[in-house]
Amino acid sequence: MKHFKLLFVSFALVTGLFTSCSKNEPISEELNIQKTEAITLSLNRLSQQFNSDGNVTASGNPSGNIVFDFGFDFVYPLHLSFNNNSSVYVNSLDDLIEILINSSTNLYIDGIQFPFNVEVYDENSNSIVVITINSEAEFYDLIESLDWDDQDECDCYQNYNPICVEVTDVAGVVFTVTYPNSCYAICDGFDADDFIDSCEGDYNGNTTYECFTFNFPISVITDQNLTITVNSQEELNTAVYNSFYFGFVYPFNVTTEEGDVETIENQESFNDLLEDCYDDLTDDCECYQDYNPVCVQIETPTGNLEIIEFDNECYAICEGFSAEDFVNCEIDDECDCDDEENITVCVEVEVDGQIEIYSFLNACLAECEGYTEADFVDCSGNTDCTTENVVIILLECPWTLNGTTTYEFNSDNTVEITGSGLSTTGEWSIEMSNDGYPIVSIISDIGNFSDDWHFVDCNQVNSLTVTSSVNPAAEILLNCD
């Protein structure tokens, strides 16, 4: 796949390269290209799988394959239309991502020619199948079946303990999908019965190996028999994103964690390298592969309590925990706070010898973090969170949400939002909540970016406490760099 780092060209140029119909032609009638919110919704979601350079983001793509990480893969070519009534033939994922990272609120895809085909995973046959989408209603049925909201809530820990499953592709070839750990695999609908005994010999997936690094450039051959040269691990992940399996062009060099350069002559020697790599991960612990999860509760650097799950007690003990540290893994399942009234509660937490106030949108969320009503303190002592002060702070600098989305508020109550390869605009307003704290309501042209921000602590810039109604765990920071 091409590297898009230098690809921010004029979108007019992109349109000129691909357009097959002028904006004055009735393309919808001639080609059955229908305006549909389903294509806009799905492409907005797809863009979140990539960064602004057009490369796959590791955190959002644990399996490294579009069918499992996004939910489906288009079968190309596609015929799409823009909101200015021009159209474009898209022959590959490369072309589609090129369009997405150059789209804007003024020019974007809003139509698709029916029927079209997609590849999806069928759990009943444990295989990739091709289905035909004949209408907008069928397109919406596909999107609703993907449970994107549930995937977003699947917050897996970062412990690297690779788990593999075997799946059959549309040609009947069995291939292996590698997940960083069992949590990610379970979030995609697999269970312990699907896990295979070993990941040795597998190298697909959005994986950075811990015991060696590739000496780039290297070349790979995809399942479509395309040879692609890549210059970084990031480019490799992106190049094979819509391939179920791929092969290396041998020989190539790697550098081990000890700093030695080794030449990999063939697949057998690479499999030996992987076998040693996975052995290194378990040599110190020699943990068995039975899936019998245990959990421990730790305090994060921000003072919050977090539940970490291990595949079994052996892995937990290898990380330095003991049986006395084990807690109920089902605690998260009991924390359904969706229907709770948002009345902010606060607790005092000692961080580096200093007492800080942490706020939660409601008592349920605080209790899910391990606090009780006896821990709650009065939030009302903070008199700096007035609507006037919040507006001053709001307009001072851009804001970032989870380090990936930027909100720039303007004095005319408009807001400019960029992130995940998209940019949009919206409006903001501010009011005092029932519990006496300002709430900034954000309504964006793209609904995914709409939110309500609760300002709880405004004593000083470096101790601002801002929480999101859409994602209470999100980190919202004022970025004046």
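Just so it is clear, the model here is predicted, and its values are computed rather than measured.
- The shortest heavy-atom contact between Val177 and Ser63 is CG1-CB, 3.7 Å.
- Checking Ser104 against Asn106 by side-chain atom types alone, no donor-acceptor pair falls below 3.5 Å.
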With side-chain hydrogen bond (donor to acceptor under 3.5 Å, both in side chains) as the test, would you mind laying out the steps for Thr36 and Gln34 before giving the verdict?
CA-CA 6 Å; Thr36 166; Gln34 298 182 24; over 6 Å; no

Start with the C-alpha gap between Glu119 and Phe244, add the side-chain angles, then the distance that decides, and say whether side-chain contact (heavy atoms from CB on, under 4.5 Å) holds.
CA-CA 11 Å; Glu119 294 180 341; Phe244 297 121; 3.4 Å; yes

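- Annotation for Asn225: atom CG does not count as buried by contact number, only 12 or fewer foreign heavy atoms lying within 6.0 Å.
- The two atoms that bring Phe195 and Val165 nearest to each other are CD2-CG1, 3.9 Å, heavy atoms only.
- Looking at Asn44 and Gln48, their side chains never bring a donor and an acceptor atom within 3.5 Å of each other.
- For the residue pair Thr57 and Asn51, no side-chain donor N or O sits within less than 3.5 Å of a side-chain acceptor on the partner.
- In this structure, the side chain of Glu408 does not engage the main chain of Ile417 through any donor-acceptor pair within 3.5 Å.
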Assess whether side-chain hydrogen bond (donor to acceptor under 3.5 Å, both in side chains) is satisfied between Thr40 and Asp110, documenting all intermediate values.
CA-CA 5 Å; Thr40 304; Asp110 69 350; over 6 Å; no

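- For Gln224 and Thr222, the side-chain atoms include no donor-acceptor pair closer than 3.5 Å.
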Show, in sequence, the C-alpha distance, side-chain angles and deciding distance for Asn479 and Thr400, and conclude whether the side-chain hydrogen bond (donor to acceptor under 3.5 Å, both in side chains) test is met.
CA-CA 7 Å; Asn479 185 8; Thr400 59; 5.2 Å; no

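- Summarising the local packing, CD of Glu427 is surrounded by 12 or fewer heavy atoms from other residues, nucleotides or ligands at distances under 6.0 Å.
- For the residue pair Tyr89 and Asp95, no side-chain donor N or O sits within less than 3.5 Å of a side-chain acceptor on the partner.
- The aromatic rings of Phe248 and Phe252 are tilted relative to each other, their planes meeting at an angle between 30° and 60°.
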Between Tyr241 and Asn61, does a side-chain hydrogen bond (donor to acceptor under 3.5 Å, both in side chains) hold up when you go through it step by step?
CA-CA 9 Å; Tyr241 187 51; Asn61 297 279; 2.5 Å; yes

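- Side-chain atoms of Asp188 and Tyr179 include a donor-acceptor pair closer than 3.5 Å.
- With no hydrogens or angles considered, no side-chain donor-acceptor pair links Ser127 and Asp122 at under 3.5 Å.
- In summary, the aromatic rings of Tyr407 and Trp453 are positioned with their centroids under 6.0 Å apart.
- Looking only at side-chain heavy atoms (C-beta outward), Ile33 and Ser81 come within less than 4.5 Å of each other.
- Val440 places none of its side-chain heavy atoms less than 4.5 Å from the side chain of Asp452.
- For the 3.5 Å distance criterion, the side chains of Ser219 and Thr229 qualify, holding a donor opposite an acceptor.
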